[in-house]
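Residues: numbered from 1 along the sequence shown.
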Amino acid sequence: MSLSGSDDEMEMDFLRDRYQEMDGGNFEVFLSFRGEDTRASFTSHLYTALQNAGIFVFKDDESLSRGKQISPSLRLAIEESRISIVVFSKNYAESIWCMKELEKIMECHRTIGNVVIPVFYDVDPSEVRHQRGDFGKAFRRLLSKFSIEKEVKVLDWKQLWWKTLREICDISALQIIFSSWTERRDKLDNRWKKTLLVQISKILDLNPRWKMKIADSIESIVSQSTRGLLEGDEIPFRKEKVDDVKDFLVKQWTEVFFEPVSISEVALLDPCGETKIANAIKLNLEHCREALFEAAGISRNLVLNFCEETEITNAIELHMKHWMDAFSKDDGTVLHSGYPCVHIQGLGNSITFMESDFQSRLETVYSEISSLKLHWREKVLKAYGNELYSRRKSDIERHLERCASALTKAARISTGFQSSLRKLKAYNRIESLVEYWRGALCETAEISRLVVQYYRGLTDNEINYMEKNARDALREAAGISGLVILNSRNESEAVKNIVKNVTSLLNKTELFVAKNPVGVESRVQEMVQLLEQKQSNDVLLLGIWGMGGIGKTTIAKAIYNKIGRNFEERSFLADIREAWGQEAGHVCLQQQLLYDIHKENNTKIHNSESGKVILRERLRHKRILLILDDVNKLQQLNALCGSREWFGSGSRIIITTRDIHLLRGKRVDQVFAMTEMNVDESIELFSWHAFKQASPEEDFIELSRNVVAYAGGLPLALEVLGSYLFDMEVTEWKSVLEKLRKIPNDEVQEKLKISYDGLSDDTEKGIFLDIACFFIGKDRNDVIHILNGCGLFAENGIRVLVERSLVTVDDKNQLGMHDLLRDMGREIIRSKSPMELEERSRLWFHEDVLDVLSKETGTKFIEGLTLKLPRTNTKSLCTKAFMNMKKLRLLQLSGVELVGDFEYLSKDLRWLCWHGFPFAFIPTSFYQGSLVSIELENSKITMVWKATQLMEKLKILNLSHSHYLTKTPDFLNLPNLEKLILMDCPRLSEISYTIGHLTKVLLINFQDCISLRNLPRSIYKLKSLKTLILSGCLKIDKLEEDIEQMESLTTLVADKTAIRRVPFSIVRSKSIGYISLCGYEGFSRDVFPSIIWSWMSPVNSLSSRVQTLVDMSSLVSLDVQNSSSNQLSYISEELPKLQSLWIECGSDLQLSRDTTSILDALNATNSEESESYGTTSQMQNVFTLIECNSRSKLFEKTLLIQMGRSWEITHILKQRILQNVTTSDGGDLLPGDCYPDWLTFSSEGSSVTFEIPEVNGRSLKTMMCHIHYSSSDSITSDGLKNLLVINHTKSTIQLYKRNALASFDDEEWQRVLSNIDPGNKVQIVVVFWNRITVNKTSIYLIYEAIVDEKVEHYHASNMNVPRSISPGVESMEDLRGASVKSLTKRLFNKFLSCKYFCKGKVEKKKN
């Protein structure tokens, strides 16, 4: 449905506002395509791939209703999308919708620079550019459609619309006005509305937005019509004029309504049609008003509408005088207030009533005069218009008030106003009634306008203009370099290339800001204003300064996301302070910056000084956004942004730091000092953590304000305290607040300590302190093992710490902790013994550790110790320093040498992490029986142990980067080892066979062990192993078939090895989820089909391929191209075992020979094996077995095989066959042709040959095979073994085993039928058990009408069709077999098909 221009603009503004309100709601890519060509194939794959890459894609749904123009929401989606992908297919140009999309896309390409990526799917770019070939034919079909629409559609809509509007009278208005119950009246109204909406929906194909708009109009029509009728029901008509008030009203309503509506069906097609309708509405309402006034006995002089020849204010004054005269005519004796009783002379009758009654009537008069005043105001508004009325409002209102007061005074003086009151009541209700009906008629005319717009045909000028625009858009789009996809051969690769290209164009590097970004946007806006103060070509440096935890990094990330796309390139270097302290950290940061800007790793930076030169040369030509997060040293700034000359004009550099000293001396242009959150922001952020909502609960409002006051506006403190207080009672909150009052406001660490103090026991506190000192950045599972070994119940403890926001776990499963919390934890330890280092439980500061070790002052209080020194400053210390550390659990060393007897080390040691371990083996005197984790990376070890110890607690052994290690240890003494990590051990060549005894191992990693030649066979016995990594083991050349014994293996990574063949048993694995092997990488469900296809390459003989497959499963499929009789002879014995066989022959002669060979092989097999059938529901859709009434001694049956999906026609045909067979004698009476729904072909025996006819406007959807057969003795099954579909025109043979047919779904049936085209000569052959005789075979070809993809699909499972209509039909429950459960069988059932692979639905081999 097309919209008016004003409607378009309003909706565009509305939608644009909604887009801006949504957080990241804009679409990044618009996908234009022809649904019937590519929706279920290429476009679906592309859409999914783009979404998986994190790209927001607008994919239009062609099932939505459409008019001649694309909707404003669609145009806005095109404008907002930075990239449009246009998939040109053969029928693309036949869709007016697609062409309108293309015009808008190219307009945005020209005007605002949106990128266009054309994809030519099965069409040549030149055909699109010049509208030739099949593409050109589709375009010409589009042009021819318009003339047809112009002649037909406009003629049809009038009758439909007229019939729809008559529905208003079909629901009698009498029912409305006769109903005294409001509830019943509402029900009648709702029925009226529903009927109209249903009827209008039949005429117009409404989208949800317009359905709502028209529903509102219908709501107004019904409401105003009803209210008018109800007003009319209260009019005091004169009995001599109106016999039946209700009939009179309905008659007036019908006459008023239908004449303008009848005009509207033609008038709206004229340029001046709306004026004609408005005049018709006005004229009819005037006639209605006159009739009502006459029936009510109101004279012409009392009607304001007949005074319109004068100026409106004069008319109102004249109208007022007429009513004053009316009241004066009713005047009787003067009323005196002191009289208790009043006598009034009026209308020739003398009546007496009490003064109180008179006062009530007088108030009624005042109310009616007030209503009259409202009608006057409406007349003025209609005459003057809103603008003039607004300018003269005060004068007009004074005039209206003066007239109303004069009339009120006249009524007050009158003592006998009975007649005038009745007339005034009638007048007011008639005016209200007319206004209500005017509104209803105007709403009806508006719907008429929309209907006309929907059905209006195109003019010749419009067609010519549209053709020119379309051709221009096609030429322009086809001139852009794009991707060409022919015969679906490069679909998968094309999808990958498009996603890669789009990702690069969008520069998808957004950062996560915060779960609840309270107060972020306002601060970001301030920062952006600072960044825009200088000229755009200047290089600007901005510093963000503030204390830890105040949100510097959060704001920097938000700015990066907000303005990052305005620069050529951008880089965010996070945690510089921490990264700088690591080995070669400065070089790594420089390398990261270079990669972020240039996206390449070829340039290597060897040291910091050379890095400065490289960065200066490579960055100065680009306009970049660079954010340096958490800088704490001047050297870091010198290495990463030495001067402004390093960067291209217009670049922006943002530095976050706790030290304002680094930002002084004109090093930056501006400093943004981070401020604490204000009270409102603090309460909101705190509430999100404490209550999981934006504001506090009612009972906690004051308490929340107190907590926020103590937090001092520090975001981290608010988050931690909020998480701590979550789900606590009021009394607990008060206790916490009492604790807070004892802590000074400026002691942030002490405030955070409240959450620590709130931990339930010393175990959780100990875990927190261990993480703060030793395990930040470590794998969560490893830490759990180590701390569990210390008796700390770490899994639950870490969960609690995460819930309390004391610890985080990132997407790599690594533990994290905010610096303030880390410092707070370390301060807790330090404060317990501020002066005596040796009495602290944990030592982490290198100077403190060196002091204790060098002086050998260690004590039993020390539980953990870490000393990490640079390699250039290695220290040699004595082992005696550990002699008194009897409770030492955790030891981390780097760049340290220990001299002396290792028996001094604690026997309670659980974690030994010693990078650069200096010995050739672990000293024998070192007791290791309590160790849970040994990490000796970069060691000089050649063998792990000379004399092994029983190490029952050891779970982790990591010897990575040990360049002198030649063989693994004996694993017999490591019964509980779970992780074995030997990465980058280049001299490792021998793995002990005892590795097979690691019954609990979960991970084995031999990555980059380049001397390793093979794996011991015992490794394949590891049933617990989940992950095996062999990538980079260049000399390992095979994996054994025994790998299927690894029943828990979920991840296998063996790329960059000498392995060239995937073990056949790999696809039998029920556990493997991810695999990287022999160039195949991905999830097993995607990779296995490609692996299987590789086994079936031409280099392998056909017989070996079949034998391999048959050995693996009895349910297999095989496709053979260019077959030969010699090949088939090799597999004749295996044919009965194949689930399906698809053969393409090179000639008619070859087809004949292969058919004979196959039938001979099948008939030679006389077994009546029990098949593994599909589910009962599947068989009911495919097979129907029927017992026949036979006069002979033979047992006769018929079998009905349905090949294709179930829908309405198939059910009708099946029921007719069943009825005829079960009611006739012998079952020969079968339904014949029912053109065009189905066609019938029959033949005696087990084979029928026929030519596929072409049925105009219909496509072949289902085949039904009906076989009449008999046997000399009773059989319990149907006896079917195989079915062959032989296409003599295409020289193909399709062989299917019975259980294959039973398990087919709609997609597989479609693959079977897709090989059959009109004009093909086809033969159907059925093969039964040898003792069964086939008497007759019939084929039904069932056709379905082709419509606009809105065909209603009728599935058997959804139809109320009886399972049988005769007691002679056997229950298929008896035939139910076991379902195919194993992964291998499912893979072969679903994936092994040549057609399937050709469609590009499988993972291609990596280059």
May I ask you to check if Arg570 and Tyr560 form a cation-pi contact, with NZ or CZ under 6.0 angstrom from the six-membered ring centre and within 45° of the axis?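 Checked: cation-pi criterion met.
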Would Arg34 pass as a cation-pi partner of Tyr92, given that its NZ or CZ must be under 6.0 Å from the six-membered ring centre and within 45 degrees of the axis?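 Ring-cation test returns no.
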Counting N and O atoms only, with roles assigned by atom type, does the side chain of [X] sit under 3.5 Å from a partner on the main chain of [Y], one being a donor and the other an acceptor?
{"X": "Asp124", "Y": "Ser126", "answer": "yes"}
{"X": "Asn114", "Y": "Ser81", "answer": "yes"}
{"X": "Arg129", "Y": "Ala478", "answer": "yes"}

Do [X] and [Y] have side-chain atoms, one donor and one acceptor, less than 3.5 Å apart?
{"X": "Thr1292", "Y": "Glu1144", "value": "no"}
{"X": "Gln525", "Y": "Gln529", "value": "no"}
{"X": "Asp37", "Y": "Ser89", "value": "yes"}
{"X": "Arg623", "Y": "Asn566", "value": "no"}

Report the residues that fulfil side-chain contact (heavy atoms from CB on, under 4.5 Å) with Lys1056, sequence neighbours left out, ordered by chain and then residue number.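 Lys1056 satisfies side-chain contact (heavy atoms from CB on, under 4.5 Å) with no residue once adjacent residues are dropped.
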Assess whether side chain to side chain donor-acceptor pair (under 3.5 Å) is satisfied between Thr603 and Arg618, documenting all intermediate values. CA-CA 10 Å; Thr603 304; Arg618 301 295 295 275; 3.2 Å; yes
Lys137 atom NZ, neighbour heavy-atom count above 12 within 6.0 Å: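 No, the 6.0 Å shell around NZ holds no more than 12 heavy atoms from other groups.
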Could you go through Leu143 and Glu467, starting from their C-alpha distance and side-chain angles, then the distance that decides it, and tell me whether this counts as side-chain contact (heavy atoms from CB on, under 4.5 Å)? CA-CA 7 Å; Leu143 298 178; Glu467 180 180 359; 3.6 Å; yes
If we only count heavy atoms from C-beta on, is the Phe88 to Leu474 side-chain gap below 4.5 Å?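 With C-beta onward as the side chain, the pair touches.
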Residues Tyr121, Thr43; criterion side chain to side chain donor-acceptor pair (under 3.5 Å); working and verdict: CA-CA 10 Å; Tyr121 188 85; Thr43 299; over 6 Å; no
Residue pair Ser95 / Leu142: nearest heavy atoms and the distance that separates them: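 Scanning both residues, the minimum pair turns out to be C-CD1, 4.2 Å.
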Under the salt bridge (Lys or Arg N to Asp or Glu O under 4.0 Å) definition, can you give me all pairs with a residue in residues 108-119, not counting sequence neighbours?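 The answer is Arg110-Glu476.
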Distance from Ile112 atom CD1 to Glu80 atom CD, nearest 0.5 Å?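 One finds 8.0 Å between CD1 of Ile112 and CD of Glu80.
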Assess the residue pair Asn537 and Ser649 against the criterion (side chain to side chain donor-acceptor pair (under 3.5 Å)); give the C-alpha distance rounded to whole Å, side-chain angles, the decisive distance to 0.1 Å, and a yes or no. CA-CA 5 Å; Asn537 290 332; Ser649 61; 4.5 Å; no
